[in-house]
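These notes are about the structure you will find just below.
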Amino acid sequence: MSNIQVIEKNGKPEYYVVPAALWEKVRAAAEDTEDAAAFDLAVATDDGTRIPAEVAFVIADGAHPVRAWREHRGLSQDALAAGSGLSKPFVSQIEGGKRAGTTVTLKKLAAALKVPLAALTCSSLLSPHT
């Protein structure tokens with residue numbers, strides 16, 4: 001560490017000039033620390049939800065999230081309707097965009113699909129071309 005040059009201003013250290021090899025070690029350590037902090041934050045804020053690529057692609061192609069998740073789960077509209085306590089025509093209307101569905105309705109669908117409500121209502125998911 002004796003190769004570090006100190007540049008002073010008004011008698012106080014203003015800059016430190018370090019050899020490139022030492023700087024690379026310090027920079028790598030700092031990046032590792034930042035990566036670890038980002039990982040810890042991601043783990044702390046993780047809600048456990050993962051959107052499979054298959055679902056994301058279907059939504060991006062314009063399908064309603066309810067339909068994308070239903071097909072991903074391998075459910076028919078009849079099975080989803082039965083699991084959510086809704087009628088098949090109502091499920092069909094929601095998937096087709098003819099009805100929005102209330103929060104209560106979407107909560108029932110989310111529960112039947114085993115996804116959080118946000119997976120069915122997130123505006124970025126409902127508007128794939130934004």
Side-chain angles (χ1 to χ4, degrees):
M1 292 261 242
S2 61
N3 293 337
I4 297 174
Q5 178 186 0
V6 179
I7 299 173
E8 295 182 352
K9 183 176 183 182
N10 298 326
K12 296 182 182 176
E14 183 77 11
Y15 299 99
Y16 295 93
V17 180
V18 299
L22 178 57
W23 168 246
E24 290 301 324
K25 289 179 183 178
V26 170
R27 187 179 68 159
E31 287 175 354
D32 289 346
T33 301
E34 289 173 354
D35 290 346
F39 177 80
D40 290 344
L41 178 62
V43 168
T45 59
D46 183 13
D47 67 358
T49 301
R50 303 289 180 273
I51 298 177
E54 172 189 331
V55 174
F57 292 148
V58 170
I59 293 169
D61 285 341
H64 192 283
V66 171
R67 177 179 170 211
W69 280 104
R70 176 182 61 76
E71 290 177 350
H72 178 71
R73 298 282 191 234
L75 298 173
S76 65
Q77 283 185 343
D78 285 323
L80 179 56
S84 62
L86 303 170
S87 70
K88 179 183 174 183
F90 191 43
V91 171
S92 177
Q93 290 171 348
I94 290 172
E95 286 186 3
K98 294 179 179 148
R99 297 186 72 170
T102 64
T103 301
V104 171
T105 299
L106 293 174
K107 281 182 180 180
K108 290 178 182 180
L109 290 167
L113 292 166
K114 297 183 173 105
V115 298
L117 177 62
L120 303 182
T121 60
C122 180
S123 62
S124 64
L125 293 177
L126 293 173
S127 303
H129 302 292
T130 55

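As the structure is a prediction and not an experimental result, all values here were calculated from the model.
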Do you know the tightest heavy-atom contact between [X] and [Y]?
X: A79; Y: S76; answer: N-OG, 3.0 Å
X: G101; Y: L106; answer: O-CD1, 3.9 Å
X: A68; Y: I59; answer: CB-CG1, 3.6 Å
X: P65; Y: A119; answer: CB-O, 3.6 Å
X: S87; Y: A81; answer: C-CB, 3.7 Å

So do [Y] and [X] actually touch side chain to side chain, heavy atoms under 4.5 Å?
X: I94; Y: L109; result: yes
X: L80; Y: E95; result: yes
X: T121; Y: T103; result: no
X: F57; Y: P52; result: no

Checklist outcome for this item: Residues passing the side chain to side chain contact (heavy atoms under 4.5 Å, CB included) test with V43, sequence neighbours excluded, are F39
Applying a strict under-4.5 Å side-chain criterion to I, L, V, M, F, W and Y, I'd like to know whether [X] and [Y] cluster together.
X: V104; Y: W69; answer: no
X: W23; Y: V17; answer: no
X: L75; Y: V58; answer: no
X: I4; Y: I7; answer: no

Next on the checklist: Test of understanding: with side-chain hydrogen bond (donor to acceptor under 3.5 Å, both in side chains), list the residues that count as partners of Q93, not counting sequence neighbours.
Outcome noted: R99
Checklist entry - Does R73 use its side chain to pair, donor to acceptor, with the backbone of L113 at less than 3.5 Å? => result yes
Checklist entry - Would you say the side-chain atoms of S92 pair up with the backbone N or O of K88, donor to acceptor, closer than 3.5 Å? => result no
Item to check | Pairs flagged by salt bridge (Lys or Arg N to Asp or Glu O under 4.0 Å) wherever residues 103-117 is involved - sequence neighbours left out | outcome: none
Next on the checklist: With rounding to the nearest 0.5 angstrom, report the CZ to NE2 distance, R67 to H72.
Outcome noted: 15.0 Å
Item to check | From K9 atom NZ to Y15 atom OH, the distance as rounded to the nearest 0.5 Å | outcome: 6.5 Å
Item to check | Neighbour count >12 (heavy atoms, 6.0 Å) for atom CZ, R70 | outcome: yes
